[in-house]
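Reviewing the structure listed below.
Lettering of chains follows the sequences in order, A, B, ..., and the numbering in each one begins at 1. Predicted, not measured: the structure shown is a model, and the values here were computed from it.
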Number of protein chains: 2
Amino acid sequence: MAQYREQMAALKSPASSSLKLGPVKIPRAAEVLANQLREEIVGGRLSDGDMLPNERELTESSGLSRSSVRDALRMLELEGLIATKQGRNGGSRVCKPGRDTIVKTVSLFISSRRTRRVSLVEARGAIEPTAAMLAAKHRTDEDLARIQEKHAAMVAGIDDLDRFLRGNLDWHMAIVHASHNDLLIAFMESISHAVYDVTNDETLNPPEVRQQVVRIHGRITDAIEKQDPAEAKRLMERHVTAYAEFLGMS
Amino acid sequence: MAQYREQMAALKSPASSSLKLGPVKIPRAAEVLANQLREEIVGGRLSDGDMLPNERELTESSGLSRSSVRDALRMLELEGLIATKQGRNGGSRVCKPGRDTIVKTVSLFISSRRTRRVSLVEARGAIEPTAAMLAAKHRTDEDLARIQEKHAAMVAGIDDLDRFLRGNLDWHMAIVHASHNDLLIAFMESISHAVYDVTNDETLNPPEVRQQVVRIHGRITDAIEKQDPAEAKRLMERHVTAYAEFLGMS
DNA sequence: CCTGCATTAAAGGTCTAATATTTAGTTGAC
DNA sequence: GTCAACTAAATATTAGACCTTTAATGCAGG
C-alpha cells in the first residue's frame, strides 16, 4: 500500500520546470494490479491453465484491499485472460482470450456508433475475398462438407427470407472458418451479425437477387472444392461488390 | 436484493422433465446490473454525454450493495461505454466506445495466442487493398497531404531500419484512415503494431526490398492522389502479396 | 465393495460501513 | 477582481463480516 501511495504521489508531483506534458493518467489501485498480473500472463510466466493465487493471498501479497484485488481480477476476466470459478478448489485460472471477446467488443462498437450499412458492407468486402482465397488454399474435407451443407440449406430455404438469410450467413461463416485464420474469423464473426440485421428486409432480397446469389454461391463453392484460390477470390469479390452496389442503389 | 435471490433460485430450480440442457450460466449480481445499464445505453434511452445516476442512487434503486454497483460500472467502463470521473460533479458519463477498446482487445488476442506471422500478414492483405480503394474514393486533401508526408518521411529514412519501418507503418495507417471506414481503421490499428513487431528485423528488410517498397508506395500514393480506386487497390494488393511471398520464402 | 448422504473446508460472492481522496463550486480577505 | 482557503459532493479504497457454492471427506447402509 505504501508503495502504491508513493506511485500516486510521484504522479502528482509538480512539474516545476517548463516541461509541456499531456494530461496525466492517474491509474487506480486495481488497474495497477491488473497490469502487473496481465504482464505475468502475456509475458509467459503464467501460462494457459495455471491457477492464480486466491483472492486472500493476493490481498496479502499486494497490500491492497480485497475489493481492489477483486476489481483487478474482474478486469482480467472481462478481457478474457482468466476464468474464475466459485467454490472449493475454485479460483482464477489463466486462459487464452477467445474470439468471443473480440466479437463482443466490436459488436458494441458497431451498435453504439450506429455504424452505417455501407461501412459494414465495405468491411465485409475487405475480408471475404481473402477468406475465400485462403479457404480454397487450406480447406479440409470437413470444411468443404460444411460449406456445401450450408449452401444446400440456403437453396432449400430460398422462398423463406429467414431461412435464406440464415443459410446465407452460415455459408459465409463456413467459408471464413475454412480459411483457418483466427483473425479473419474473429473480424467476420464480429460484423456478420450486424450485416445480417442490416440486410434483413424483404425489399433488399427480392427473388431475382436471391436466384443470383444462389448461383454465384454455387460457383464459389465449386472453386473452393477444386482448390482454386484465384477463382474463389475473384468470384467472391464480384459477389460482395455486386451486392454492395445493389444496396447502394436501393 | 430479494429480486436477485429469486432469479438465482429460478436458475437453479430442478428441470424435473427430461430436458437436455447445456451448462447453466449463473450471472452475478453485478453482471445483471451491467446488462441492464448496457441495454439502456445501446438501446438509446441514454445517449452520448448523459450522466448515469450516482453510485448511491444506483445502490438504492437497484437494491444491490455499493460494491456490486461499482463492479457493474467498472465493467461498463472497461467496455468503453462510460467514463467515470471522481470528485464533485463527478460520476459516470455515457460515451461511445472508441477504436482503442477494439485495439486493446485484439492486441491481447494476438499476443496471448502467439498468432503466426503469416496470419497477420494475411489479415493485413485482406484489409489494405480495400482500404486503399476507399481512400482513393473518399480522401480529402488533408488525407492526401498526410499520406504524402509519411511517404516522404519513409523515403528520407530508408537507410535507418527504425525510421524506415516507422514511416512504413505511418504511411499504411494514413491510407487506412483516409478510407474513412471506422471498422477498417480499428482492425488495421489492431494488427499494425503486431505486424510492425514481427517485421522489425534487418534480414526481413534488405536494401533492395526497401527500394522496391518505396517505389510501389509512390505509385499507390499517386493513384490515391489521382483518385483512381481500381488502380490503388490493384497496386496495394500486389504490394502486400509480394511482401507476403517474400516473407514466406525467408 | 460401492453407493449415497451428511459434514466440512476452501474458495469466491455479497453486504455494510467507515475513511480517504479528488474536484468543483463558494466565500472571504486583500 | 483575484487568489487562497474552505466546503460539499462525488468516487476510491479499506476493513471485516457473512453468504453461497463446490469439492473432498467420512460414514452408514446396502
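- For C:dG12, the base has a donor-acceptor partner in the side chain of A:R56 [N/O atoms by modelled type, under 3.5 angstrom].
- Residues B:K137 and A:E122 are not paired through a salt bridge, judged by the lack of any N-O separation under 4.0 Å between the basic side chain and the carboxylate.
- For A:R66 and C:dC15, the CZ to P distance is 13 Å, given to the nearest whole Å.
- For the pair B:I82/B:I41, a side-chain contact is recorded, criterion being any heavy-atom separation below 4.5 Å from C-beta on.
- Picking from C:dC15, D:dA12, D:dT14 the nucleotide with the shortest atom distance to the side chain of B:L64 gives C:dC15.
- Of the residues in residues 67-75 of chain A, A:S67, A:S68 come within less than 4.0 Å of DNA chain D through at least one heavy atom, sorted by number.
- Rounding to the nearest 0.5 Å places CG of A:L73 at 11.5 Å from CG of A:L81.
- The number of heavy atoms from other shown groups lying within 6.0 Å of CD (B:E40) is above 12.
- Taking the charged nitrogens against the carboxylate oxygens, A:D100 and A:K104 have no contact shorter than 4.0 Å, which rules out a salt bridge.
- Atoms CE (A:M51) and C1' (C:dG12) sit 11 Å apart, rounded to a whole Å.
- Heavy atoms from other residues, nucleotides or ligands lying under 6.0 Å from CZ of B:R146 number 12 at most.
- Residues from residues 76-95 of chain B with heavy atoms under 4.0 angstrom of DNA chain D, sorted by number: B:T84, B:K85, B:Q86, B:G87, B:R88, B:G91.
- A:I26 places its CD1 atom 15 Å from the C1' atom of D:dA10, with the value rounded to the nearest Å.
- For the pair A:D71 and A:L33, the minimum side-chain heavy-atom distance is 4.5 Å or more.
- You'll find the side chain of B:L52 stays beyond 4.5 Å of the side chain of B:T84, heavy atoms only.
- Rounding to whole angstrom units, CD of residue B:E55 and P of C:dC15 are separated by 14 Å.
- Rounded to whole Å, the distance from CZ on B:R28 to P on C:dG12 is 12 Å.
- The structure places CD of B:E31 at 9.0 Å from CZ of B:R38, a figure rounded to the nearest 0.5 Å.
- To the nearest angstrom, P of C:dC15 lies 15 Å from CD of B:E60.
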